[in-house]
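A note on names: the letters A, B, ... follow the listed sequences, proteins ahead of strands, and every chain is numbered from 1. Nothing here was measured: the structure is a model prediction, and the numbers come from that model.
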Amino acid sequence: MDVSYILDSLNQAQREAVGAAQGSLLVLAGAGSGKTRVLTHRVAWLVQACQVSPLSILAVTFTNKAAQEMKGRIEQMLGYPMRGMWVGTLHSVAHRMLRAHWQEAGLQQGFQILDSDDQIRLIKRTLKELNLDEGYWPPRQIQWYIHGHKEEGRRPGHIAEGIDPQQRELRRIYQSYEQLCQRFGLVDFSELLLRAYELIKNNEPLRARYQERFQHVLVDEFQDTNAVQYEWLRLFAAKHGNIFVVGDDDQSIYSWRGARIENILQFERDFPNTNVVRLEQNYRSTGNILSIANAVIDHNQSRMGKKLWTRGDQGDPVRLYVAYNEMDEARFVLDRIQSWVEQGHARSEVAILYRSNAQSRVFEEVLMQVNMPYRVYGGLRFFERAEIKDALAYLRLIASRQDDPSFERIVNMPTRGIGNRTLEQVRDYARINQVSLWDASRALIHGSELSARVISSLGRFIDLIERLAHQVEEQTLADQVEQVLQLSGLLAHFAKDKGEKAQGRVENLEELITAARNYEHDTEEGLDPLPAFLSHAALESGEGQGEEWQDCVQLMSLHSAKGLEFPLVFLTGLEEGLFPHQRSLQEQGRLEEERRLCYVGMTRAMQALYISYAEVRRLYGRESYASPSRFLSEIPSEMLSIVRGGIRTELAPSIGDVESSDNHQVKLGGRVRHNSFGDGVVLSVEGRGEHTRVQVNFESVGNKWLVLAYANLEKL
DNA sequence: GGGTTAACCTTTTTT
DNA sequence: AGGTTAACCC
């Protein structure tokens with residue numbers, strides 16, 4: 001079979017990676033260097049040229065979206081479905097294995113996944129059982145503590161008891177939390193990974209089986225793997241050593257979540273004969289964009305060293321807009337988007353990027369004012385909405401009666417006369433007898449401690465769940481969901497309210513039925529549709545669910561922008577304290593990560609990049625005067641073309657040289673007249689001396705770049 | 001049980 | 001500032 005087509009479209013380095021012999025390979029892939037391409041082509045190569053069965057391939061990605069995309073691209077390339085190949089995030093792979101081997105892993109059969117919200121609730125409950133004060137032991141910090149340890153593979157037993165009472169107490173909370181999870185059949189995000197890792201590590205027959213099955217392991221975004229993930233991958237590949245990892249140390253932005261950039265170095269040590277391929281040719285951005293991105297990232301001390309280059313044009317200069325305040329910044333961005341759209345481009349080609357989600361608000365305001373469609377990524381996602389979580393809690397309780405958080409959530413939702421007092425009694429009983437709320441309720445109903453009225457309402461709830469569980473058995477998933485929404489009274493509860501909010505909730509619930517109907521569940525996983533759907537809801541936040549597809553401007557945090565590209569990018573809020581973020585300035589080593597974040601942001605841009613900061617910003621209630629981000633001063637001034645904000649131009653920026661403002665002939669924002677183009681406004685000035693070029697927006701002919709020395713501009 | 005108000009808290013990133 | 005939660009009142 002002719003397989004040359006797989007390599008034909010690749011450059012030398014890419015070809016080297018894709019066509020590499022068996023063994024371990026490390027691909028250091030710069031931003032926009034065709035990393036996804038290399039991965040997909042590699043799989044195609046394995047299947048077509050090396051006759052590797054898709055069954056023996058495990059491909060690991062960072063997000064679910066990336067997994068879908070990869071699978072889609074491979075199938076498109078080969079022209080047939082990749083049946084039996086495992087492609088997914090490590091979380092979903094872990095989940096899949098735990099479902100298959102729940103017994104060996106020591107889990108309940110119907111175990112449910114605990115999302116971040118549920119986890120907080122459970123931590124609160126743990127604190128209550130231990131008689132500890134929430135104020136003194138903030139649940140968020142406990143959550144952080146637990147995750148931190150699990151990501152490093154540490155169980156409570158691995159943590160030294162120590163003498164510090166605070167530390168000892170934390171450890172005790174961790175321990176109790178684990179016991180509760182175990183009792184209720186709950187598994188949090190980091191537990192998925194740790195449990196699956198321990199399963200493979202301690203169970204030799206299973207390990208051998210998986211090592212035998214997955215002859216080829218491929219890993220995307222390798223720089224963002226944490227300790228447990230790395231060890232796990234290493235175990236997979238320990239026998240055959242066929243492991244193909246792709247990563248970029250300059251794009252490691254998740255160390256706060258346990259990701260270890262050092263894994264890249266460790267990899268070469270653990271797999272001694274690793275070949276290293278560097279992808280440095282960039283196919284995404286213009287030369288000017290790459291220059292500033294390179295300039296910034298060059299300030300990081302600890303990096304493996306890569307320099308992106310392109311065969312393409314230098315392109316437009318990268319522009320810096322100095323805004324008076326955040327509103328001014330937003331208006332500027334809006335103005336540029338409008339002219340972009342007027343030039344016939346799509347709105348979806350534009351991305352507004354920011355460091356923290358709170359910044360999206362102002363942009364949303366101005367976009368809304370002019371009815372420009374936009375979409376904000378991040379924030380509350382479909383499966384996280386309250387009403388959806390209510391509905392899911394019913395389904396979860398049907399799937400697993402031990403699931404206490406779900407029980408708590410819906411026992412009185414919609415209200416059915418089970419108040420806090422009753423619940424307190426149920427909780428007490430559960431705590432004393434070490435059983436779930438469900439079992440406690442059943443016991444109390446048959447006991448004599450509760451009043452007749454309470455027994456009847458609690459009994460009705462128990463009956464409702466039992467009845468639902470029974471009725472739903474033979475139905476399709478969508479029917480199950482619909483039944484639950486109807487009989488639980490959830491739909492009616494929201495429907496009776498005529499408010500806009502409640503209306504939206506009803507729509508969301510209906511959308512959940514649609515989601516269930518469209519959910520294609522993989523029968524290979526050997527899981528019933530309902531538990532499969534519930535896991536799906538927990539693992540995939542439901543990005544894209546319920547949003548109609550429109551040509552929208554894209555708003556997102558820098559973190560969510562990773563892996564994406566846009567013709568026009570606005571990198572906003574480059575102020576000290578905001579970006580780099582205040583918190584990162586306090587901790588050692590975090591500044592470099594912020595810089596990588598900046599690099600990630602810049603390299604999202606294909607054709608044009610605007611950077612901006614505000615001199616005054618109202619954030620979290622108060623106005624702050626921040627100095628421009630240090631990242632700006634790391635860009636050589638001749639690489640940036642500075643545009644000044646309209647309102648307070650007399651305030652000179654403290655970075656770079658603003659040649660322009662004391663340039664005797666023109667002033668930014670000033671009006672000028674040209675012999676043939678007529679009147680216009682100076683938008684930016686670049687270079688110095690006789691090479692000075694100015695950009696003028698003329699009323700008659702639009703934007704023009706002119707060499708100042710020859711243009712003969714007349715100041716008005 | 002539901003609605004209103006007051007205090008409070010959180011403000012980095014998310015599988 | 002904004003949103004959420006806890007407390008309080010009807």
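When the ring-ring contact (aromatic ring centres under 6.0 Å, His included) test is applied to A:Phe631, the partners found at least two apart in sequence or on another chain are A:Phe579. In this view, A:Tyr174 satisfies the ring-ring contact (aromatic ring centres under 6.0 Å, His included) rule with no residue, not counting sequence neighbours. In this view, A:Glu178 and A:Arg155 satisfy the salt bridge (Lys or Arg N to Asp or Glu O under 4.0 Å) rule, not counting sequence neighbours. A:Glu408 pairs by the salt bridge (Lys or Arg N to Asp or Glu O under 4.0 Å) definition with A:Arg427, not counting sequence neighbours. Taking the side chain to side chain donor-acceptor pair (under 3.5 Å) definition, one finds that A:Arg154 meets it with A:His149, sequence neighbours left out.
For B:dT13, one of the phosphate oxygens OP1 or OP2 lies less than 4.0 angstrom from a side-chain nitrogen or oxygen of A:Asn357. Phosphate proximity of B:dT11 to A:Ser356: absent, as no side-chain N or O sits under 4.0 Å from OP1 or OP2. Of the side-chain N and O atoms in A:Ser557, one or more sit less than 4.0 angstrom from OP1 or OP2 of B:dT14. Side-chain nitrogen and oxygen atoms of A:Thr415 include at least one within less than 4.0 Å of the OP1 or OP2 phosphate oxygen of B:dG2.
Looking at heavy-atom distances under 4.0 Å, A:His91 makes contact with a base. Note on A:Ser560: only backbone sugar-phosphate atoms sit closer than 4.0 angstrom, heavy atoms only; bases stay farther off.
With respect to the salt-bridge test (charged N to carboxylate O, under 4.0 angstrom), the residues A:Glu191 and A:Lys150 qualify. For A:Glu69 and A:Arg73, the salt-bridge test passes: some basic side-chain N is under 4.0 Å from an acidic carboxylate O.
Residue order along DNA chain B, read from the 5' end via each residue's closest nucleotide, puts A:Gly417 first among A:Arg583 and A:Gly417. Nucleotides of DNA chain B nearest to A:Leu193 and A:His581 differ in position, and the one nearer the 5' end is that of A:His581.
In this entry the distance linking CZ of A:Phe383 with P of B:dT15 reads 13 Å, nearest Å. For the pair A:Glu593 CD and B:dT14 P, the interatomic distance rounds to 13 Å; values are reported in whole Å. One atom, OH of A:Tyr377, and another, C1' of B:dT15, lie 18 Å apart when rounded to the nearest Å. Rounded to a whole Å, the CD atom of A:Glu384 is 9 Å from the C1' atom of B:dT14. Taking atom CG of residue A:Leu90 and atom P of nucleotide B:dT15, one finds them 14 Å apart after rounding to whole Å.
Comparing B:dT15, B:dT13, C:dA1 by their nearest atom to the side chain of A:Arg618 picks out C:dA1. In this structure, of C:dA1, B:dG1, B:dT15, it is B:dG1 that holds the atom nearest to the side chain of A:Asn412.
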Quick one: what's the B/S/- string for nucleotides 2-10 of chain C, heavy-atom cutoff under 4.0 Å, read 5' to 3'?
-> SS-------
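By the 5.5 Å and 30° criteria, A:Tyr254 is not stacked with the base of B:dT14. Ring stacking holds between A:Trp256 and B:dT13, with the centres under 5.5 Å apart and the planes within 30 degrees of each other.
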